[in-house]
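To start, the structure under review is shown below, and the notes come after it.
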Amino acid sequence: MNTNHSRAPADIAVSARAPARVLVVDDSMTMRALIRHALGGDPDITVVGEAANPYEAREMMKALDPDVVTLDVEMPDMNGIEFLEKIMRLRPTPVIMVSNLTAPGAAATLAALEIGAFDCIAKPGAQSNTFEALPGLVKEAARARAGLARRRDGAPRGRTAAALTPSATGPELVGIGSSTGGVEALMQVLAEFPADCPPTLIVQHLPAAFTGSFAARLDRACPAHVTEAKEGDLVRNGRVYLAPGGGRHMMLRKGVQPSIALVEDGPVCGHRPSVDVLFASIAKNFKGRMTGVILTGMGRDGAQGLLDMRNCGARTIAQDEDSSLVYGMPRVAYEIGAAEKRVPLARVARQIFA
């Protein structure tokens, strides 16, 4: 989610083969012009069309076959969520949602990310004055197009009906890190968590406006109790703690009863909260059986922290390439020896509790 962090230059390098071809869909002429202007200065991007509504966009997608679509969340007649569902079902294409970070906008954008939107970006306003991050996001999305089609065609999908049963030798604490594609992935993984799961701490790169709503959605969908983490929360069985977005790192604090610490510090790997910071604190402060998991996402956040966990005896897992929307964070984790195994998303929960 690219609304409150910057991407390192290495994360936005683009293939020299051909410009990313973009279709802009928004009912506002002004917003379309702003997006076109933001993308027009990048030689690796071509805006191939603009549509004022999903009906125009549908015909343009058939005629132009764009690599990436930018899609307004709120439009008359057919909203962006309904159109996204049709795209993902009939013509899987990376879609970047353009959203207002209001409560209704946040809820709708979370629904889009669950359906399979590549990412979202805030409309210019109180929290963002420009679309300066959009070109890098578009190029990442264009690179993910083949992987998106592969995931939709071949990867097992859907949630397991029955929750898993923890084994007697399973983890006593779980840490999970994810970024682009992680909303959808976490919904699938946590749906299989047992109600009495070990304490689970999660960093998913999301802006502050989204994490409370996302925690509530996970709580409704999953057997375990999911909350947005608060300073001083005692970590308990049956609880999943989602790091709040936008400003503080989440860490595990050592004690007779371990607890959550929310720390104001600089970004790590371009992110705050950072998966690396969470995993490093788990490695340092937890002495029981633990498992670390890296799911889909851009960049390398979490790889070094996962290596710290593995060096302290943790079991470590990375999502595999075929089931990842963006095979960045899991790839780096595996390449540096931080992840002992790679598994498809559909098997991640079973692997945690094996």
Side-chain angles (χ1 to χ4, degrees), residues 164-178 182 186 189-190 193-205 211 215 218 222 224-244 248-265 268-269 271-295 300-319 329-330 333-334 336-341 343 348-354:
L164 298 166
T165 301
S167 76
T169 57
E172 297 168 305
L173 183 80
V174 177
I176 302 176
S178 52
L186 286 168
V189 170
L190 293 181
F193 267 45
D196 60 343
C197 69
T200 300
L201 280 61
I202 298 174
V203 169
Q204 159 68 38
H205 297 149
T211 46
L218 287 170
C222 306
H225 182 43
V226 183
T227 60
E228 185 180 44
K230 296 180 177 59
E231 170 66 31
D233 279 347
L234 298 178
V235 298
R236 304 180 185 277
N237 287 340
R239 298 294 183 98
V240 176
Y241 304 88
L242 180 70
R248 292 185 291 177
H249 294 294
M250 183 169 76
M251 302 174 67
L252 181 72
R253 180 187 286 124
K254 182 165 56 177
V256 176
Q257 176 74 40
S259 62
I260 299 289
L262 299 178
V263 179
E264 294 186 8
D265 207 344
V268 173
C269 288
H271 298 282
R272 184 173 54 197
S274 161
V275 184
D276 266 333
V277 171
L278 172 63
F279 284 177
S281 73
I282 292 173
K284 180 179 178 181
N285 296 324
F286 192 77
K287 303 308 176 188
R289 297 189 306 275
M290 52 188 166
T291 296
V293 182
I294 289 279
L295 300 177
R300 59 180 302 119
D301 187 29
Q304 183 57 51
L306 194 69
L307 182 60
D308 293 343
M309 289 184 67
R310 187 175 187 186
N311 289 339
C312 289
R315 297 180 60 223
T316 56
I317 300 163
Q319 186 176 348
M329 290 160 54
Y334 190 77
I336 70 170
E340 58 185 321
K341 57 181 65 178
V343 299
V348 167
R350 275 176 277 166
Q351 196 65 53
I352 290 172
F353 296 109

Q. What residues, two or more places apart in sequence or in another chain, satisfy side chain to side chain contact (heavy atoms under 4.5 Å, CB included) together with Ala338?
A. Leu306, Leu307, Ala333, Ile336
Q: With sequence neighbours left out, write down each residue that passes salt bridge (Lys or Arg N to Asp or Glu O under 4.0 Å) with Glu231, or none if nothing qualifies.
A: Arg253
Q.
For residues 279-295, which residue pairs pass the side-chain hydrogen bond (donor to acceptor under 3.5 Å, both in side chains) check, not counting sequence neighbours?
A. none
Q: Mind checking the CE-CG spacing from Met251 to Leu278? Nearest 0.5 Å is all I need.
A: 9.0 Å
Q. Any donor-acceptor pair under 3.5 Å linking the side chain of Asp301 with the backbone of Val275?
A. yes
Q: Identify, with sequence neighbours excluded, every residue that meets side-chain hydrogen bond (donor to acceptor under 3.5 Å, both in side chains) alongside Thr200.
A: none
Q. Counting heavy atoms not belonging to Glu264, are there more than 12 under 6.0 Å from its CD?
A. no
Q.
Using the ring-ring contact (aromatic ring centres under 6.0 Å, His included) criterion, which residues pair with Tyr334? Sequence neighbours excluded.
A. none
Q: Drop me the distance from Met309's CE to Thr316's OG1, to the nearest 0.5 angstrom.
A: 8.0 Å
Q: Tell me, please, which residues at least two apart from Thr211 pass side-chain hydrogen bond (donor to acceptor under 3.5 Å, both in side chains).
A: Glu228
Q. Please, which pairs that meet salt bridge (charged side-chain N to carboxylate O under 4.0 Å, His left out) have at least one residue in residues 233-243, sequence neighbours excluded?
A. none
Q | Spacing of CG belonging to Leu252 relative to CZ belonging to Phe279, to within rounding of 0.5 Å | A | 12.0 Å
Q: Can you sort out the partners of Ala280 under side chain to side chain contact (heavy atoms under 4.5 Å, CB included), two or more places apart, ordered by chain and number?
A: Asp308
Q) How would you list, by chain and number, every residue that makes a side chain to side chain contact (heavy atoms under 4.5 Å, CB included) with Asp196, sequence neighbours excluded? A) Pro166, Pro194
Q.
Tell me if a side-chain donor or acceptor on Arg310 pairs with a main-chain N or O of Gly337 at a distance below 3.5 Å.
A. yes
Q) Is there a side-chain contact between Pro198 and Leu173 (heavy atoms, below 4.5 Å)? A) no
Q | Spatial distance of atom OG (Ser274) from atom CE (Met250) [nearest 0.5 Å] | A | 11.0 Å
Q: Give the minimum heavy-atom separation between Ala215 and Leu242, together with the two atoms involved.
A: N-CD2, 3.9 Å
Q.
What's the separation between atom NE2 in His271 and atom CZ in Arg300, rounded to the nearest 0.5 Å?
A. 11.5 Å
Q.
Checking Phe353 now: which residues fulfil ring-ring contact (aromatic ring centres under 6.0 Å, His included) with it, not counting sequence neighbours?
A. Phe193
Q) Counting distance only, does the side-chain N/O of Gln319 pair as donor-acceptor with the main-chain N or O of Ile294 below 3.5 Å? A) no
